[in-house]
Amino acid sequence: MRRALISDIHGNLEALETVLRDIEGQGVDEIYCLGDVIGYGPNPRECIDLVIDNCAVTLLGNHDQGAMFDPDGFNVGAERAIFWTRGQLESATDRAGNERRWEFLGELPRSHKAPPFLFVHGSPRNPLSEYIFPEDIYNHRKMERLFQLVENYCFQGHTHVPGVFTEEFQFFAPEEIDHEYTLGEGKLLINVGSVGQPRDGDPRACYAVLDDGDGARPPRVSYRRVPYDFETTIRKIHAIPDLEPFLGDRLRQGR
């Protein structure tokens with residue numbers, strides 16, 4: 001089994017379409033989305049529709065939940081984007097599509113298990129909203145508690161920073177491991193990065209491919225970076241008064 005793992009699309013249609021085209025050439029059996037289909041970006045409806053049509057599993061992200069309920073813990077720009085996104089999903093011009101999208105969002109699970117793999121948006125302790133940043137490797141108490149909740153391997157998004165965390169308090173960015181990591185005996189926390197809002201200094205869309213392996217070889221995860229037309233996304237964001245301009249500008253820097 002080969003799964004493409006995407007996360008944190010954030011209404012970025014140009015990035016999502018480009019990533020889906022790239023996935024077509026990777027010999028993938030299924031696509032999993034680890035949450036935050038919407039929020040920040042200018043095309044929430046189109047992104048939800050593509051995820052519905054292409055993903056075998058989709059998890060609930062904190063921005064997805066924020067669109068359904070009152071956003072909690074968001075900064076002003078993110079909160080304004082969520083309220084604008086909610087308005088787009090309530091458009092009077094597409095009532096049938098609205099119903100389909102709200103029903104989809106309302107049924108999203110917070111986690112998914114396919115042993116030996118666990119999939120969440122945030123963390124194994126708080127699947128919806130706990131961040132695990134690279135610098136958390138220095139917070140041994142936090143990392144030990146997280147790893148206690150993982151049987152083998154946990155995949156997540158949420159921080160928009162791809163990489164592999166080990167039980168030995170190490171973090172490996174994709175470029176440090178030649179964009180591939182073999183899953184061995186130890187437990188791992190693996191961030192798949194962000195399709196629509198990368199924040200590791202690389203503006204290209206990021207996703208991962210998980211190969212289950214077989215009796216002769218162990219599972220492994222590989223990272224893919226895909227250039228996309230972020231200038232079009234930026235222009236769309238700048239044209240919408242309720243979306244802060246910095247939500248577009250930061251796409252150029254991948255921050």
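None of these values were measured; they are calculated from a predicted model.
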Main-chain N/O of Gly61 paired with Asp64 side-chain donor or acceptor, under 3.5 Å: yes
Side-chain (Asn191) to main-chain (Gly157) donor-acceptor, under 3.5 angstrom: yes
Contact check, side chains of Cys33 and Cys55, non-hydrogen atoms, under 4.5 Å: yes
Point-to-point distance, once rounded to the nearest 0.5 Å, from CG of Leu34 to OG of Ser111: 11.0 Å
Tyr207: which of Leu5, Ile23, Ile31, Ile9 passes side chain to side chain contact (heavy atoms under 4.5 Å, CB included): Ile23
Asn126 side chain vs Ser123 backbone, donor-acceptor pair below 3.5 Å: no
Check: Pro71 and Ile82 side chains under 4.5 Å, non-hydrogen atoms: yes
Check: Phe147 main-chain N/O paired with Lys187 side-chain donor or acceptor under 3.5 Å: yes
Over all atoms of both residues, closest heavy-atom pair of Pro162 and Val192: CB-C, 4.2 Å
is_close_aromatic(Tyr223, His179), centroid dist under 6.0 Å: no
Any donor-acceptor pair under 3.5 Å from Tyr153 side chain to Gly186 backbone: no
Interatomic distance, Glu90 atom CD to Trp102 atom CH2 [nearest 0.5 angstrom]: 5.5 Å
Glu46 backbone acceptor or donor facing Asn43 side chain under 3.5 Å: no
Cation over ring face, Arg250 and Tyr40, 6.0 Å, 45°: yes
Heavy-atom check, side chain of Pro134 versus side chain of Val161, under 4.5 Å: yes
Side-chain donor/acceptor of Glu176 to backbone N/O of Ala173, under 3.5 Å: yes
More than 12 heavy atoms from other groups under 6.0 Å of CD on Glu135: yes
Over 12 foreign heavy atoms within 6.0 Å of CD, Glu151: no
Among Phe165, Tyr32, Phe119, Tyr181, the one residue meeting ring-ring contact (aromatic ring centres under 6.0 Å, His included) with Phe155: Phe119
Any side-chain heavy-atom pair of Ile48 and Leu89 under 4.5 Å: yes
Closest heavy-atom pair and its distance - Ile132, Leu146: CD1-CD1, 3.7 Å
Heavy-atom closest contact (Gly77 atom, Leu247 atom, distance): O-CD1, 4.3 Å
Pro124 side chain near Arg145 side chain, heavy-atom distance below 4.5 Å: no
Check ion pair Arg3-Asp211 (N to O, under 4.0 angstrom): no
Backbone N/O of Pro198 and side chain of His160: donor-acceptor pair under 3.5 Å: no
Heavy-atom closest contact (Gly196 atom, Asn12 atom, distance): O-ND2, 3.1 Å
Flag for His121-Asp36: side-chain donor and acceptor within less than 3.5 Å: yes
Minimum-distance pair of heavy atoms, taken over all atoms of Arg204 and Asp202: NH2-OD2, 2.8 Å
Sidechain N-carboxylate O distance under 4.0 Å for Arg101, Asp49: yes
Chi angles and distances behind the side-chain contact (heavy atoms from CB on, under 4.5 Å) call for Arg110, Val120: CA-CA 6 Å; Arg110 292 179 177 231; Val120 298; over 6 Å; no
Distance, nearest 0.5 Å, that separates CD of Glu244 from CG of Asn75: 9.0 Å
Residues Asp29 and Arg2 bridged, charged N to O under 4.0 Å: no
Verdict with supporting geometry, Glu130 and Lys142, side-chain contact (heavy atoms from CB on, under 4.5 Å): CA-CA 11 Å; Glu130 182 176 24; Lys142 175 180 179 177; 3.6 Å; yes
Close side-chain approach of Ile52 and Arg100, heavy atoms under 4.5 Å: yes
Sidechain-backbone polar pair: Trp84 side chain, Leu243 backbone, donor-acceptor under 3.5 Å: no
For the student: nearest non-hydrogen atoms of Gln88 and Pro44, plus distance: CB-CG, 3.9 Å
Inter-residue atom distance Leu183.CG - Asp212.CG, 0.5 Å rounding: 9.5 Å
Asp249 vs Ile237, side-chain contact (heavy atoms from CB on, under 4.5 Å): CA-CA, chis, key distance, verdict: CA-CA 9 Å; Asp249 296 338; Ile237 291 173; over 6 Å; no
Non-hydrogen side-chain atoms of Val195 and Asp8 separated by less than 4.5 Å: no
Side chain Asp178, main chain Glu180, donor-acceptor under 3.5 Å: no
Ring centroid separation His63 to Phe74 under 6.0 Å: yes
Any donor-acceptor N or O pair under 3.5 Å, side chains Asp94, Ser91: no
NZ/NE/NH1/NH2 to OD/OE distance under 4.0 Å, Glu231 and Arg252: yes
Neighbour count above 12 (heavy atom, 6.0 Å) for Arg217 CZ: yes
Working for side-chain contact (heavy atoms from CB on, under 4.5 Å), residues Leu59 and Leu108: CA-CA 5 Å; Leu59 303 182; Leu108 293 180; over 6 Å; no
Short side-chain donor-acceptor distance under 3.5 Å, Thr233 and Glu14: yes
Distance flag, aromatic centroids of Tyr138 and Phe169, threshold under 6.0 Å: no
Side chains of Gln197 and Leu251 in contact at under 4.5 Å (non-hydrogen atoms): yes
